[in-house]
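We name chains A, B, ... by the order of the sequence lines, and we start the count at 1 in each one. Values below: every heavy atom of this structure, side chains too, minus hydrogens, waters and symmetry copies.
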Amino acid sequence: MAWVLEAVLAFLAAVSFSIIFNTPAKTLVSCGIVGMSGWLAHSLYVGLGGDPVQATFFGAFIVAIAAHLLSRVFRMPMIIFSVSGIIMLVPGGRAFNAMLNVVENDYLTAMGYAGEALMISGAIAMGLVFAEVFMQLIFKPKHRKREKGASL
Amino acid sequence: MHQAGETRRELALECCLLAGRLMIEGGAETYRVEDTMERMATSQLMPNSHCSVTPTGIMFSPSDEQPTRFVRIRSRRTDLKQVALVNAVSRRLVAGDFSLQEAYEELMSIESSHTSFDLRLQIFAAAVASGCFLLLFGGARADVPYAAVIGGTGFIITDRIERLTRIRFFAEFVAAVLIGVLAYAVVGVGLGEELDGIIIGSVMPLVPGLLITNAVRDLMAGHFVSGLSKGAEAFLTAFAIGAGIALVLSF
């Protein structure tokens, strides 16, 4: 039941972000699904006792793969689908805690949180990059064949 | 005859530059803008075109004979629909569905008509996103309405101040301060339960997600100038939000 609730919330959040970023109306549901799958991958990994950095990597990877696939289906730029999914993985809580501890002059604790936030941001970047490479390796031959067509 | 070819090439050049400018203004990745412009140029018989795109300007050299053009980009916002529309036009131009004239007119109409979502809907979306994030980050259920209201307010403030002043990052800073103050007030009065949950949830609509994604993708595609400048913009925005919250927390 908790999973269903999380899925619904993540879907709603992703759709809301897509509205804020003004994506085309017909892609809203797809954006929501991308965000939901990314969040569920992240939260499932953490739930199984995984490291949050690795979990974020998997989340970002899933988001980027889903976004790449959808961008092929809709023939639209990939960022349209990935943005709202990626934004949900941003380590807001840790950044907040880092800030809170800096203000309270507890720099040691703050460094810990800030370091974690930094690692998670790096994991998001790595997830995006790995997905990009993965998609290029898989779809390159097909891509070449219809190079003449509009394969922007 | 020669004259006609010249005007046509001029129009093709205008068309490429307009498409590139619209895409950057909407928040597309640099690599995509360059790719689109070069494809459009190739389809209009300018195979040796070169373009160099940064977040603040486009340099485009259509061929060896024609002069290089430069376009300055003054404002950028997040409008992914505009990117998608321009992308569709360029696809149809390359595929031959559109003539050059049609494509140019289509791009002009995209520029003049801003078909964005209603601002009220966007504010509502910001509120919903804040509420959902509060729960996703493990906040208390009783705090959801407060996070939604404060998140929506923060979004309105950012939008208003961005229209008033051209100083970047100030809008985020003020909105973050306001979010912090409101969250403090709500918890202080005894309505809200957890201060951190409310603040984190309400701040989420301000997070520069598009910039983060674009910075990473640009850096990986080898566009270091754009990647680093977008990364810096994302970092400064995040820093402005953090500074705003820190200012409130320090009292």
Side-chain angles (χ1 to χ4, degrees), chain A residues 5-6 8-25 27 31 39 43 60 63-64 67 74-90 92-93 95-100 102-104 121 124-129 132-133 148-152, chain B residues 26-29 32 35-36 39 77-85 87-88 90-92 94-95 116-117 121-122 124-133 135-138 155 196 199-201 203-205 207-210 212-217 219-220 238 241-243 245-246 249-250:
Chain A
L5 185 68
E6 268 198 38
V8 171
L9 286 172
F11 181 83
L12 276 179
V15 171
S16 311
F17 271 117
S18 307
I19 293 175
I20 295 174
F21 289 134
N22 202 12
T23 60
T27 63
C31 293
W39 178 265
S43 134
V63 165
F74 281 88
R75 299 195 145 227
M76 281 179 189
M78 169 260 193
I79 39 163
I80 292 180
F81 303 98
S82 63
V83 184
S84 47
I86 292 295
I87 207 169
M88 300 174 61
L89 303 170
V90 168
F96 175 83
N97 280 326
M99 212 45 106
L100 185 69
V102 166
V103 169
E104 289 170 350
S121 315
I124 294 176
M126 287 316 286
L128 284 171
V129 173
E132 187 110 24
V133 173
K148 274 257 152 73
S151 51
L152 284 182
Chain B
E29 314 105 293
R32 172 168 299 282
D35 190 58
T36 304
R39 275 171 201 269
R77 57 210 145 74
T78 305
D79 187 348
L80 293 176
K81 189 174 182 187
Q82 185 166 313
V83 177
L85 286 174
N87 188 47
S90 93
R91 269 174 197 278
R92 296 186 68 176
V94 172
S116 60
F117 283 110
L121 181 62
Q122 288 194 322
F124 178 71
V128 172
S130 301
C132 290
F133 264 104
L135 289 177
L136 285 176
F137 283 136
F155 189 78
D196 54 346
I199 289 184
I200 296 168
V203 149
M204 279 315 272
V207 170
L210 188 72
I212 298 171
T213 322
N214 275 348
V216 173
R217 296 202 75 207
L219 280 176
M220 292 309 142
I241 297 172
I245 296 294
L249 288 176
S250 62

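When heavy atoms are compared at a cutoff of 4.5 Å, A:Thr23 approaches chain B by way of both its backbone and its side chain. In this structure, the portion of B:Phe155 lying under 4.5 Å from any heavy atom of chain A is its side chain and not its backbone. Contacts of B:Arg77 with chain A are absent, with no heavy-atom separation under 4.5 Å from either backbone or side chain. Looking at B:Ala243, only its backbone comes within 4.5 Å of chain A, counting heavy atoms on both sides. The contact between B:Ile200 and chain A is made entirely by side chain atoms (from C-beta outward), counting heavy-atom distances below 4.5 Å. Residue A:Ala95 does not touch chain B at all, counting heavy-atom pairs closer than 4.5 Å.
The residue among A:Ile124, A:Val102, A:Val90, A:Asn97 with the most heavy atom pairs within less than 4.5 Å of chain B is A:Val90. Among B:Ile212, B:Leu85, B:Asp196, the residue making the largest number of heavy-atom pairs under 4.5 Å with chain A is B:Asp196. With chain B as the partner, the residue from A:Leu12, A:Val103, A:Leu89 showing the most heavy-atom pairs under 4.5 Å is A:Val103. Note: A:Ala125 leads A:Ala64, A:Ala125, A:Ser82 in heavy-atom pairs under 4.5 Å with chain B. Between chain B and the options A:Val8, A:Val129, A:Ile79, heavy-atom pairs under 4.5 Å are most frequent for A:Ile79.
Contact record, A:Ile87 with B:Met204: O-CE, 3.4 Å, taken as the closest heavy-atom pair. Scanning both residues, B:Ile245 and A:Phe96, for their nearest heavy atoms gives CG2-CE1, 3.9 Å. In terms of heavy atoms, A:Met88 sits closest to B:Leu136 at CE-CD1, 4.0 Å. The shortest heavy-atom contact between A:Leu9 and B:Leu135 is CD1-CB, 3.5 Å. Nearest heavy-atom pair across B:Gln122 and A:Ile19 is NE2-O, 3.0 Å. Of all non-hydrogen atoms in B:Arg91 and A:Met76, the two that sit nearest each other are NH2-N, 4.3 Å.
Between atom SG of residue B:Cys132 and atom CH2 of residue A:Trp39 there is a gap of 11.0 Å, rounded to the nearest 0.5 Å. To the nearest 0.5 angstrom, B:Ile199 atom CD1 is 8.5 Å from A:Leu100 atom CG. Note that the CG atom of B:Leu80 and the OG1 atom of A:Thr27 stand 8.5 Å from one another [nearest 0.5 Å]. Distance check, rounded to the nearest 0.5 Å: CZ of B:Phe124 to CD1 of A:Ile20 gives 11.5 Å. The CG atom of A:Leu128 sits 11.5 Å away from the CG atom of B:Leu219 when rounded to the nearest 0.5 Å. Here the straight-line distance linking atom OG1 of B:Thr78 with atom CG of A:Asn22 works out to 9.0 Å at 0.5 Å rounding.
Residues B:Met220 and A:Val133 form no side-chain contact, since every pair of their non-hydrogen atoms from C-beta on lies 4.5 Å or further apart.
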For B:Phe133 and A:Phe17: C-alpha separation, side-chain torsions, deciding distance, then whether side chain to side chain contact (heavy atoms under 4.5 Å, CB included) applies. CA-CA 11 Å; B:Phe133 264 104; A:Phe17 271 117; 3.0 Å; yes

